[in-house]
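Only a predicted model underlies this, so the values are computations on that prediction, with no experimental measurement involved.
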Amino acid sequence: MVPRIVDRDAFALDHISMRVFFLAVILCPSWLYAAVQVGTGLSSSMSGRPIPGLELGVGGEAWKATASAIGVQSSYYYHASYSASFFRTWKAGEFLWSEVQSGVGGGLMYSVRGFQDQGSTTEESKNDFALGPAFFVQWFLVGPVYLQLEMIWGLRGINELIGLNGQDVIFLSLGLSSW
């Protein structure tokens with residue numbers, strides 16, 4: 001019979017991890033009942049032109065986090081935009097006998113685009129980063145199927161803040177929720 005060697009440091013770390021987990025269960029029960037959402041739709045991240053994208057979300061009873069990826073490419077140009085938002089949510093009521101949920105929070109957006117003129121060997125590219133307030137309204141059409149409108153009003157610098165000039169990114173999506 002071969003004696004079993006126990007790594008006491010690993011055992012202690014697992015023991016501490018279990019204590020932290022159970023403490024989180026006791027102190028933060030609403031975080032444990034998170035719903036996962038997957039949606040697809042159109043975004044206005046390219047100067048109002050609708051671009052297809054994918055949105056993922058996770059949320060509890062009073063919070064929600066979302067991330068989206070939007071993009072288009074042709075032989076002359078490309079455009080990709082990524083965003084992430086965090087919201088404080090609440091049930092806003094019902095519309096046509098279905099639940100409506102709303103939220104307010106903050107979001108950030110990163111966008112990169114490029115263009116190459118026909119016959120040219122150089123590519124012109126530009127990227128943007130914006131951070132600002134975010135809002136959403138989500139309407140559960142039938143069961144877990146939802147229609148969501150999310151907006152980030154991105155501020156890119158002090159001049160835009162003073163002039164109340166922001167870059168808005170609106171994402172309209174149709175998706176499924178696990179709750």
Side-chain angles (χ1 to χ4, degrees), residues 24 28 30-116 123-157 160 165-179:
C28 306
S30 68
W31 288 39
L32 299 175
Y33 305 111
V36 176
Q37 300 177 346
V38 178
T40 185
L42 298 173
S43 172
S44 68
S45 67
M46 191 174 168
S47 301
R49 182 174 167 210
I51 302 294
L54 176 69
E55 183 170 44
L56 301 173
V58 62
E61 289 184 27
W63 62 277
K64 181 176 181 177
T66 63
S68 65
I70 300 136
V72 65
Q73 180 177 356
S74 75
S75 57
Y76 296 109
Y77 75 97
Y78 64 90
H79 179 91
S81 182
Y82 309 95
S83 67
S85 301
F86 188 81
F87 301 99
R88 163 93 169 79
T89 65
W90 62 90
K91 292 184 179 172
E94 289 188 356
F95 179 69
L96 297 178
W97 308 281
S98 297
E99 179 184 332
V100 175
Q101 187 177 30
S102 298
V104 62
L108 59 94
M109 183 271 306
Y110 174 74
S111 178
V112 61
R113 58 193 170 277
F115 174 77
Q116 185 170 351
E123 177 184 281
E124 298 176 34
S125 64
K126 185 177 179 183
N127 58 4
D128 292 317
F129 177 79
L131 177 70
F135 313 93
F136 87 93
V137 175
Q138 185 177 43
W139 177 35
F140 287 90
L141 301 170
V142 178
V145 178
Y146 67 84
L147 183 65
Q148 177 172 298
L149 182 66
E150 181 178 335
M151 177 191 169
I152 299 173
W153 191 56
L155 302 171
R156 295 183 285 173
E160 285 84 7
N165 181 13
Q167 179 176 358
D168 62 330
V169 177
I170 299 172
F171 194 85
L172 178 65
S173 62
L174 180 67
L176 291 173
S177 176
S178 68
W179 96 20

Backbone N/O of Leu56 and side chain of Thr66: donor-acceptor pair under 3.5 Å: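 The answer is no, because no donor-acceptor pair under 3.5 Å joins these two groups.
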
N/O donor-acceptor pair under 3.5 Å between Ser68 side chain and Leu54 backbone: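 Not confirmed, Ser68 side chain does not pair with Leu54 backbone.
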
Trace of the side-chain contact (heavy atoms from CB on, under 4.5 Å) decision for Gln37 with Ser178: CA-CA 6 Å; Gln37 300 177 346; Ser178 68; over 6 Å; no

Contacts of type side-chain hydrogen bond (donor to acceptor under 3.5 Å, both in side chains), residue Tyr110, not counting sequence neighbours: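 Expected list: Asn127.
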
From CA spacing to verdict: ring-ring contact (aromatic ring centres under 6.0 Å, His included), Phe87, Phe136: CA-CA 8 Å; Phe87 301 99; Phe136 87 93; 4.8 Å; yes

Minimum side-chain heavy-atom gap Arg113-Asp128 below 4.5 Å: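 Yes; the side chains approach each other to less than 4.5 Å.
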
Ile152 side chain near Leu108 side chain, heavy-atom distance below 4.5 Å: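 Not in contact.
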
Atom of Ala134, atom of Gly107 and distance for their closest heavy-atom approach: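 That would be CB-N, 3.9 Å.
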
Minimum heavy-atom distance Trp90-Gly103, with the two atoms named: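 Heavy atoms of Trp90 and Gly103 come nearest at CZ3-CA, 3.9 Å.
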
With sequence neighbours excluded, what pairs up with [X] under the side chain to side chain contact (heavy atoms under 4.5 Å, CB included) test?
| X | answer |
| --- | --- |
| Ala69 | Tyr82 |
| Ala67 | none |
| Ser75 | none |
| Ser125 | Tyr78, Glu123 |

Phe171: partners by ring pair (Phe, Tyr, Trp, His ring centres under 6.0 Å), with sequence neighbours left out: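 Per chain and number, Phe171 pairs via ring pair (Phe, Tyr, Trp, His ring centres under 6.0 Å) with no residue.
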
Intermediate values then yes/no, side-chain contact (heavy atoms from CB on, under 4.5 Å), Met151 and Leu149: CA-CA 7 Å; Met151 177 191 169; Leu149 182 66; over 6 Å; no

Which side-chain N or O atoms in residues 139-148 pair as donor and acceptor under 3.5 Å with protein atoms at least two apart or in another chain?
residue : atom : partner : partner atom : Å
Trp139  : NE1  : Phe95   : O            : 3.1
Gln148  : OE1  : Lys64   : NZ           : 2.5
Gln148  : OE1  : Gln138  : NE2          : 3.2
Gln148  : NE2  : Glu55   : OE1          : 3.2
Gln148  : NE2  : Glu150  : OE1          : 3.3

CD-CD distance between Glu99 and Glu94, expressed to the nearest 0.5 angstrom: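 If we round to the nearest 0.5 Å, Glu99:CD and Glu94:CD are 8.0 Å apart.
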
